[in-house]
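Here the structure comes first, spelled out in structure tokens, and everything after it is commentary.
Ligands are counted one by one from 1 in listed order, and the atoms in each one are counted from 1 as well. All figures in this text were calculated on a predicted structure; none of them were measured in a lab.
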Amino acid sequence: MEFEIQKLLEDALERIRAVATESDLASLKTSLIGKKGRLTEYFTKLRELPAEERPAAGAILNRAKTEIEKALDEREKQLSEEKVSQSVRERAVDITLPGSMRRVGRLHPITQVTNEIIEIFLGLGFDVVGGPEIETDFFNFEALNIHADHPARDEQDSFYLGGTLLLRTHTSPVQIKVMRARGRPPVQIIALGRTFRRDAIDASHSPVFHQVEGLMVDSAITMGHLKAVLEHFAREMFGERTRMRFRPDFFPFTEPSAEVAISCVICGGQGCAVCKRTGWLEILGAGMVHPRVLENGGFDPRECTGFAFGMGIERIAMLKYSIDDIRLFYENDVRFLRQF
Ligand code: PHE
């Protein structure tokens with residue numbers, strides 16, 4: 001019997017080690033030391049042994065039982081620890097994975113350039129005023145000395161809304177409105193906003209675009225003031241070394257009028273593809289406010305003079321950031337917008 005118990009013990013220990021789940025271990029435990037377990041049976045058999053053999057056999061049996069119980073306990077502990085660490089592993093966070101990022105938005109490049117323009121002119125003492133996008137024929141054309149037969153009024157260039165209303169083709173009507181609202185000089189304002197023309201869309205034209213208008217009227221404003229203001233603007237916007245070129249031009253609402261160019265921001269004036277080898281980039285139209293326009297604004301042209309200028313904000317942004325297609329501004333492609 002001693003030999004049998006020894007064999008049972010060895011076999012039991014081996015099986016306990018091999019068990020892989022807690023429920024298998026529980027049934028193994030029952031089959032070994034449960035009521036009808038294999039080891040339990042030996043305790044019954046013990047009673048059948050001659051009295052003098054019982055103590056020795058009993059001692060061996062008890063030792064075997066203790067050892068089996070110990071092995072069962074240990075294995076039980078091991079298995080439950082394994083189970084815990086496995087569930088931790090399954091639920092674990094991989095701290096090496098990149099986090100889920102919330103992308104921060106930013107201002108549209110047109111808005112950014114608009115804000116920069118505002119900053120520069122605020123620094124020179126200009127007020128920022130607004131104006132409606134829908135205008136009357138009178139403010140958009142007539143009061144600006146653009147008469148009925150002027151080609152700029154052609155249906156081809158304008159979005160008429162019926163009657164005398166149209167989407168403004170430039171920000172210049174604000175000139176008249178501000179003078180009328182203020183009643184007398186001095187006036188020193190810029191006006192920024194959307195303007196509309198029936199232009200076919202291409203790399204440099206859009207039927208909706210943005211302009212900034214400038215107007216300064218006082219008792220003795222000269223072309224010198226205009227040049228000083230625009231040169232300051234160009235240096236602030238495009239850098240200290242920017243040079244300016246004024247050439248005669250024509251606008252019905254300014255006299256004299258000028259077409260203003262800056263030295264090429266790409267080549268510095270040497271001549272390149274962007275400036276079409278001229279070294280210059282046209283950026284705006286300007287001039288001394290026509291006496292009739294001052295009158296239409298309710299000002300007396302014998303008592304005051306003024307300058308005005310108008311430029312496209314897209315054009316400024318395109319030159320500043322070397323953008324070669326105006327359509328990029330309106331397509332809402334974040335791959336483009338994210339760069340500014
Ligand atoms: N309104 C003109 C345009 O849209 C620009 C301009 C404004 C020219 C003011 C002279 C003075 O082309």
Can you confirm whether or not the ring centre of H170 sits under 6.0 Å from the ring centre of F253?
yes
Could you list the atoms of ligand 1 found under 4.0 angstrom from a heavy atom of S172?
1 (N), 7 (C)
Electrostatic pair K177-E135, nearest N-O below 4.0 angstrom:
yes
Contact (N/O only, under 3.5 Å) between R197 and ligand 1:
yes
Please check if the number of heavy atoms outside R198 that lie under 6.0 Å from its CZ is greater than 12.
yes
Does V129 belong to the same Ile/Leu/Val/Met/Phe/Trp/Tyr cluster as I117, with side-chain heavy atoms less than 4.5 Å apart forming each link?
no
Does E213 have a heavy atom less than 4.0 Å from any atom of ligand 1?
yes
Write out the residue and atom name of the closest protein heavy atom to atom 2 (C) of ligand 1, then the distance separating them to 0.1 Å.
F253 CZ, 3.7 Å
Contacting atoms of ligand 1, where contact means under 4.0 angstrom from a heavy atom of F309
7 (C), 9 (C), 11 (C)
Residue portion contacting ligand 1 (non-hydrogen atoms closer than 4.0 Å) for S257:
neither
Can a salt bridge be assigned to the pair D300 and R302 using a cut-off of 4.0 Å between side-chain N and carboxylate O?
yes
If you measure from atom 8 (C) of ligand 1 to every heavy atom of A308, G285, G287, which option wins on shortest distance?
G285
Lys/Arg N to Asp/Glu carboxylate O, R15 vs D11, below 4.0 Å
yes
Closest approach of any protein heavy atom to atom 7 (C) of ligand 1, naming residue and atom:
G310 N, 3.3 Å
Close N or O approach (T169, ligand 1; < 3.5 Å):
no
Output yes when the distance from some N or O of ligand 1 to some N or O of H170 is under 3.5 Å, and no in every other case.
yes
Less than 3.5 Å between some nitrogen or oxygen of Q211 and one of ligand 1, yes or no?
yes
Electrostatic pair R153:E142 at N-O distance under 4.0 angstrom
yes
Taking R245 first and then E259, would you say they form a salt bridge - that is, a charged N and a carboxylate O separated by under 4.0 Å?
yes
